[in-house]
Amino acid sequence: MKIDRKRLEGTIHELGRIGETPRGGLTRVALTDEDKRGRDFMVARMREAHLRVTVDQMGNIFGERAGSSPLPPVMMGSHVASVPTGGKYDGQLGVLCGLEVIRALDDHRVTTRHPVTLAIFTNEEGARFQPAMIASGVMAGKIALEDAYNARDRDGIRLVDELERIGYLGSEPCVPRAFRAYLELHIEQGPFLEEEGLSVGVVEGIVAISWSRLTIHGVQDHAGPTPMRIRHDALVAAAEVVAGVRGIATKIGGELVTTVGTLDVAPNIVNAIPGRVKLSIDVRDPKTETLDRARAMLDTVVKTACEREGVTYQLEHYWRVPSTPFDPDVVATVEHAAKAAGARYRRITSGAGHDAQYMAAIGPTGMIFVPSRDGRSHCEEEFTPMDDIEHGAQTLFLAALDLAGRA
Ligand SMILES: [Zn+2]
């Protein structure tokens, strides 16, 4: 039994036209008109496939294909919203492969014991409303519904108002629900699978992540009459921190990655010594204890840099998630399915967060990765070859079928 590659390719192109950018990318930001059109497209496909469609209080969409017994479903899901000028594969590929699995079950007239449900999660990217993965977070009971509703975008518009405006403020409670397994197919967003000539990654879990913010207080002064010996330059200290943060990854090595992604300089003018700098620090590692070791080194890097420049600082570690191991049985099932699908595969850890991270807190969860060309994502160049997508979708199909059981 196989999925239909041609049909899957066709749907990828069809959904990809909604919010398509002139350069072949995608702008379909959460709860915008484009997101609504993407959702409407998916709901129409779900109804065509005779799924029972429901929408919950966070706008998450579920389409259930009945099973032969009243058992919890095997869920397959991802997201259809994108980052601005993102790509056509991140998120939507998981949703479309899930749809293809349901269509293939119909083609082959398969009745499963467990229902099979396709899920679409709201605002996974966090590009418009923070935090990311807010809707699966509410479902997992990690984020209060009230807080999620009151999240505001850059223009002060509330999430709940946008849900209502686009017609996706549903009535189903957004609470933990029982499932046999949750499976998410997603692009790798890194270079490993492509570099190694593999088409499928059997994801064992998601890395531990830490976010910190640092504010450095120097002394703002004139760039001319102030001699070097009496300066307390916040940006000079920040520069040392940026290099030091890179140095932590060099020193610890392994799979640790460290990033300073934002730099906010005040007053940010040509002829003043910077008096205040704010920056962000993102640290990730498959092992939580390595993450914590890196975070301790970060404290030292910041202290040393700021003392050298004679500036004060506040360092705030405001978000930390331990690594998320996926369910060993689901991972083994995915691995078995990858083999049966004839895919070249290996086990891998996800360096990015996904809805699967929160779903893993509710029930048995696993993910399937397919390669990203040049390791790139969140850009218009994002691309996955159809041969790899076919292998990924077939792996999802076999894994879902295995977990749902034939009636
Ligand atoms: Zn994604």
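Just so it is clear, the values below take in all heavy atoms, side chains as well, and ignore hydrogens, waters and symmetry mates. In listed order, ligands and their atoms are each counted from 1.
- Listed here is the closest heavy atom pair of Pro286 and Thr349: CB-CG2, 4.2 Å.
- Minimum interatomic distance between Leu96 and Leu8 (heavy atoms only, all atoms of both residues): O-CD1, 3.7 Å.
- For Asp355, the side chain to side chain donor-acceptor pair (under 3.5 Å) criterion is met by Ser136, not counting sequence neighbours.
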Output, in order, the C-alpha distance, side-chain angles, deciding distance and verdict of side-chain contact (heavy atoms from CB on, under 4.5 Å) for His354 and His79. CA-CA 9 Å; His354 298 287; His79 56 96; 5.7 Å; no
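- For the Zn ion (ligand 1), the count of nearby protein N/O/S atoms, taking only those under 2.8 Å, is 3.
- A donor-acceptor pair under 3.5 Å is absent between the side-chain atoms of Arg177 and the main chain of Pro72, judged by distance alone.
- Thr365 has its side chain within reach of Phe179: a pair of non-hydrogen atoms, C-beta onward, lies under 4.5 Å apart.
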